Each structure stands twice: as C-alpha cells, then as structure tokens.
Amino acid sequence: MTFLSLNPNTMSGHSHSLTEFNTLGVAQNCQQLTRLNSYDSIIEFCQAYDDKENSLLVLGGGSNLVLTDDFDGEVIKVESQGVKITEDDDYFYLSVEAGEDWPRFVETLVNQGIGGFENLALIPGTVGASPIQNIGAYGVELEKFCDWIEFYHLSDDTVKQLTAAECQFGYRDSIFKNALKNQTVVLRVGFKLPKQWKPVINYGPLKDFNAQTVTASDIFKRVCEIRQSKLPDPNVIGNVGSFFKNPIVSMTVYQELLKRYPYIVAYSVDNGMKLAAGWLIDQAGLKGHRIENVGVHDKQALVLVNHGGATGKQIIQLASFVAAKVHDTFGVELEVEPRLIGKHGEIEFHG
Ligand SMILES: Cc1cc2nc3c(=O)[nH]c(=O)nc-3n(C[C@H](O)[C@H](O)[C@H](O)COP(=O)(O)OP(=O)(O)OC[C@H]3O[C@@H](n4cnc5c(N)ncnc54)[C@H](O)[C@@H]3O)c2cc1C
C-alpha cells in the first residue's frame, strides 16, 4: 500500500483548515494534511517525505496542542487501528496501533476484564500520543504499564523500539519531548498488564472504595462520572484539559506558602511538594475570568476555554496573564502542559 492511495483524504493548499482537528477549536490552516490509516502507510509516508525534521507536524486527536499560527508545512494525522493481545500465566501483553482512540481502548479493556488503565478513563486522544507526555490521572501514569514504544525515527529514516525504561518518563514528560523531540512518529505502543490486578484508590474521590471488593469496572465508572462532572467537554466548549502542570516546589518554599495560605492544596512527591495549579489560579481570583472570547473555566480553573472564535494567540495571551497573576500572588512559576505549535513548529511559552 502507498500513502498516495489515501488521495481522497489528502488535501493540498495553504488554506486547509485544522479547526476540526484540534479540541480547542482554533481556526488555523496548514499547507497539506494527510490522514494515514495504517502502520504501512505511515512508514511509506515517512520514507518518502523529504523535509522530515523541519516541516512535519504529527497529529493524533489534537487534544494537547495549541495552534498559534497557520502551520507552514505538512500535517499527518495518525489513524492506524488495531489491538493485539497475547498472555501468559502472569500478564496480558498488548501491541496497540498509534491511531487507536485512548478512551475507547481503555473501555474495551475494562469490558474484557483487563484492569490497570481504568484510572485513565476518558482522557481524550490517541494511543500514539499517550507516551509523549506520559498521560496520567487519579494516581496512575501510563509508564506504570508501558512495555515498549515502536516509532519511526525521522532523522535516521529507520523504525526503532525503546523499552519503557529507556523512555525517561516523568511527570507529563518523556524522551519524546526532550532528546527525541520532533524526531519521531510513534507507530505502536506495547503494554504489559499484570493479571493480579491491584486497585489504585488512594486519590481523592476514589478513597471511599473498599480495596477488597472494588472492581476495575467500579473505578472506571467513578472516574468517568467525576470527569464528566468536572471537566468541560471539548465537543461543547473548546479546551485542551489542564492548561498548566502542577508546579513542584521545594519543601522550604512550601513551608513559607503554608504559613501564608494554611489551606494550600499540595501533595508530597520525591523532589518536594506538588502544588495544585487549579487551586493557585482559583485563589488568584481567576476562576471564570474572561478576556473577549477566551476564558478560565468557571468550574475548573486549570482549564482555559475557547468561548467561540478564539485564536491560539488569544489563548496564549490569557495563559500569560494567568501565569503572571499566579506568580505575583504566590511567587510560583506555572508551566504550560499542551504543546504550542507556531508557523514552523513547536514554540516555547514565555509566561
Ligand atoms: C478534556 C481533556 C481532558 C484531558 N485530561 C488529561 C488527563 O487527565 N491527563 C493527561 O495526561 N492528559 C489529559 N489531557 C491531554 C490529552 O488528552 C493527552 O495529552 C493526550 O495524550 C493527547 O493525545 P492526542 O492524540 O490528542 O495528541 P495531540 O494533541 O494530537 O498531540 C500532542 C503531541 O503529541 C504529538 N503526537 C501525537 N501523536 C503522535 C504520534 N503518533 N507520534 C509522535 N508524536 C505524536 C504531537 O505532535 C503533539 O506534540 C486532556 C485533554 C482534554 C481535552
């Protein structure tokens, strides 16, 4: 098969709209968009593409990026499908194509009695994007059950595999955002899920479950309920989920903050204390704050929303305003979570 066989989905011209391909719903265009629906078509495309490192944007579900300009290059949308499951006495081994829809994948696993990822229910996007920022929610991160990642290495023109240990996973971080930034197209992800399932229920609203009787399906349902009640649906109002990472501060800084703000929300982590960015934004008085057609969500201050017709630049202006206000109030730096994509590729956030 060749990617040219996907001609009906290949659209030329600088005016191809990406509005429906990013969950913020900002109206930016690109020169060309190619939708690739199989492992082989992704490889063929990559082999034939001749400006791999400079002008290629890889898109999954578009739920973790902000397009701040028209993209001066080509966009590929990864839509390959397929899940292979094998097992031995102790584990299920899964090999999953990058274009699989993450929420559907998790639901299918839970329905088949394969537990592990129920805490990551309803996170929008594709399986191929899941290792890029090591997705996480309710006390579980992807790295817990990730076995390997297979990817096309654009600078070397080869297919490679990394073990999970080699991916340098961290909090919303991995090698794909650092040493291998913009050099890879993830093709498949391997997972290894123990048959001896253990619930993770030590996080906030999951705490009232009984560890002896709870099932993966119970947790899945509860997580879905909470997310649906707390987070705005991108199909209704454009957003990318959490816009900022929860900042990690030293114990000394935390103790100082605690004196001034006895109710500050924080969690202990290896290298200090992780502060709840949503709480900081809320306390800075910005919940529901609106500047023209962009705003801080009125129920969840960590989420910035497009009230209709917003540009990526307006979203970034609002993000800068929020970060500056939090810095003035608490002396804490906020870092953005989604990738910011400018005319020629990824750009940095400068607060
Ligand atoms: C309502 C909402 C709630 C969310 N909740 C959470 C949450 O609880 N936890 C969490 O961690 N995230 C959350 N997110 C963020 C988002 O869902 C995840 O980051 C998700 O993994 C992004 O997947 P995607 O396919 O949409 O990636 P995209 O937005 O399409 O891409 C994100 C980045 O990954 C790159 N990329 C995508 N696919 C590939 C590929 N195949 N190969 C190489 N690079 C690729 C892109 O170039 C881009 O840099 C949420 C988003 C929304 C809108």
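Please read all numbers here as calculations on a predicted model, not as lab measurements. Atoms within a ligand are numbered from 1 in the order they appear, just like the ligands themselves.
Remark: K274 qualifies as a cation-pi partner of Y171 under the 6.0 Å distance and 45° angle criteria applied to the six-membered ring.
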Residues 193-200, side-chain donor-acceptor partners within the protein, below 3.5 Å, at least two apart:
residue	atom	partner	partner atom	Å
K195	NZ	E87	OE1	2.5
K195	NZ	D88	O	2.7
W197	NE1	E118	OE2	2.7

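F191 has its ring centre less than 6.0 Å from the ring centre of F105.
When the side-chain hydrogen bond (donor to acceptor under 3.5 Å, both in side chains) test is applied to S217, no partner is found at least two apart in sequence or on another chain. In terms of the ring-ring contact (aromatic ring centres under 6.0 Å, His included) criterion, residue partners of F321 (sequence neighbours excluded) are, by chain and number, H289.
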CA sep, side-chain torsions, deciding dist, call: E292, K313, salt bridge (charged side-chain N to carboxylate O under 4.0 Å, His left out): CA-CA 12 Å; E292 295 173 14; K313 285 196 176 83; over 6 Å; no
Hey, what polar pairs (N/O, under 3.5 Å) does ligand 1 make with protein?
residue	atom	partner	partner atom	Å
ligand 1	5 (N)	R227	NH2	2.8
ligand 1	8 (O)	R227	NH1	3.0
ligand 1	8 (O)	R227	NH2	3.3
ligand 1	9 (N)	G136	O	2.8
ligand 1	11 (O)	Q133	NE2	3.2
ligand 1	11 (O)	G136	N	3.1
ligand 1	11 (O)	R172	NE	3.4
ligand 1	12 (N)	Q133	NE2	3.2
ligand 1	17 (O)	S63	OG	3.1
ligand 1	17 (O)	P124	O	2.7
ligand 1	19 (O)	N64	ND2	3.2
ligand 1	19 (O)	Q133	NE2	2.9
ligand 1	25 (O)	G61	N	2.7
ligand 1	25 (O)	T126	N	2.9
ligand 1	25 (O)	T126	OG1	2.7
ligand 1	26 (O)	G61	N	3.2
ligand 1	26 (O)	G62	N	3.1
ligand 1	26 (O)	S63	N	2.8
ligand 1	26 (O)	S63	OG	2.7
ligand 1	29 (O)	S63	N	3.0
ligand 1	29 (O)	N64	N	2.7
ligand 1	30 (O)	G60	N	2.7
ligand 1	30 (O)	G61	N	3.4
ligand 1	30 (O)	G62	N	2.8
ligand 1	41 (N)	V186	O	3.3
ligand 1	42 (N)	V186	N	2.7
ligand 1	47 (O)	V58	O	2.6
ligand 1	49 (O)	R339	NH1	3.2

